[in-house]
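We use all heavy atoms of the structure for the numbers below, so side chains are in, but hydrogens, waters and symmetry mates are not.
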Amino acid sequence: MSINIPWSDLADVYGFIGNSLLKPMTQTADAGIDPGFWASFPDFGDASIREAIARCRRFAEQAASHVSNGEDVVLRVSVEYTSLFIGPPSPAAPPWETMYRSDHATVGFGNPTFEMRRILRESGLELSNENNQYEDHMGIELLYLSTQCASLGFAAGGEPREASGAADSNALAVLGFIAGHPLDWIGGFRERIAQTHPDGYFAVLLGLAESVLTWHANVLRTRD
């Protein structure tokens, strides 16, 4: 199952989006507002991903024009980040899975948090949580997915044929994680972002994440 799936590229994509959701742009790379970055972004041969990338690139092109007029776009995107994911008084689009498991959830800590703690622990991963985020944060879920894809990419490129059965099992585990975690709630998360910042950076970024997750899950489901 793992053969011909671009695991390494997927690891990079999930890693970039995950990191972008965990810190404001003032504390991370500003590649997302560089049109050239999106020109070389992998679309995996999928039309919906290609269109999502085009939306990201259009945002970056508009950002470039604002920069040329003297605007601090990195600061603007960082302010958007704060409004959406931090507050005050509370985040407009809470980034934790728990908040999307019940219409009445008001606290971003629940069963998905404990489940993600277990998943990370069983994978031998230790969360460097300097921002004190709950483990079911979308950024953390995507970073976990990035590590799993990176591991499968290494196995596909360097492991002997006898290891293919284990790789297939791990790929199925990735499918289960995608379907049961980020893909299952990213739609509601993206909708909350769009309610308050429909023309912002994170609306297009989450649209891209959803397109990649959907394509990835479909490829894993349909491969022999």
Item checked: Test side chain to side chain contact (heavy atoms under 4.5 Å, CB included) applied to Y134 and T98, T113, I140, the passing residue -> T113
Item checked: N111 atom CG: more than 12 heavy-atom contacts under 6.0 Å -> no
Are any non-hydrogen side-chain atoms of [X] and [Y] less than 4.5 angstrom apart?
{"X": "V13", "Y": "P42", "value": "yes"}
{"X": "L213", "Y": "L145", "value": "yes"}
{"X": "Y144", "Y": "I119", "value": "yes"}

Item checked: Cationic tip of R192 above Y100 ring, under 6.0 Å, 45° of axis -> yes
Item checked: S123 side-chain N/O to L120 backbone N/O, donor-acceptor pair under 3.5 Å -> no
Notebook entry, point to check: Do side-chain atoms of S211 reach the backbone of G207 as a donor and acceptor pair under 3.5 angstrom?
Noted result: yes
Non-hydrogen atoms of [X] and [Y] that approach each other most closely:
{"X": "L208", "Y": "A52", "answer": "CA-CB, 3.7 Å"}
{"X": "C149", "Y": "W7", "answer": "O-CB, 3.3 Å"}
{"X": "L21", "Y": "Y81", "answer": "O-OH, 3.2 Å"}
{"X": "A11", "Y": "S146", "answer": "O-OG, 2.7 Å"}
{"X": "I5", "Y": "L220", "answer": "CD1-CD2, 3.5 Å"}
{"X": "L205", "Y": "S20", "answer": "CD2-CB, 3.8 Å"}

N/O donor-acceptor pairs under 3.5 Å from side chains in residues 28-35, not counting sequence neighbours:
unit_1: T28; atom_1: OG1; unit_2: P24; atom_2: O; d: 3.4
unit_1: D34; atom_1: OD1; unit_2: G36; atom_2: N; d: 3.0

Which atom pairs, donor and acceptor, lie under 3.5 Å between side-chain atoms of residues 66-73 and protein residues at least two apart or in another chain?
unit_1: S68; atom_1: OG; unit_2: S65; atom_2: O; d: 2.6
unit_1: N69; atom_1: ND2; unit_2: S65; atom_2: O; d: 3.2
unit_1: E71; atom_1: OE2; unit_2: R76; atom_2: NE; d: 2.6
unit_1: D72; atom_1: OD1; unit_2: V74; atom_2: N; d: 3.4
unit_1: D72; atom_1: OD1; unit_2: L75; atom_2: N; d: 3.0

Notebook entry, point to check: Which of parallel (below 30°), tilted (30 to 60°) and perpendicular (above 60°) describes F85 and F202?
Noted result: perpendicular
Check: Using a distance-only test with no angle check, is there a side-chain donor-acceptor pair under 3.5 angstrom linking W96 and E135?
Finding: no
Which atom pairs, donor and acceptor, lie under 3.5 Å between side-chain atoms of residues 172-186 and protein residues at least two apart or in another chain?
unit_1: H181; atom_1: ND1; unit_2: E97; atom_2: OE1; d: 3.0
unit_1: H181; atom_1: ND1; unit_2: E97; atom_2: OE2; d: 3.4
unit_1: H181; atom_1: NE2; unit_2: E115; atom_2: OE2; d: 3.2
unit_1: D184; atom_1: OD2; unit_2: R101; atom_2: NH1; d: 2.4
unit_1: D184; atom_1: OD2; unit_2: R101; atom_2: NH2; d: 3.2
unit_1: W185; atom_1: NE1; unit_2: E141; atom_2: OE1; d: 3.2
unit_1: W185; atom_1: NE1; unit_2: H181; atom_2: O; d: 3.4

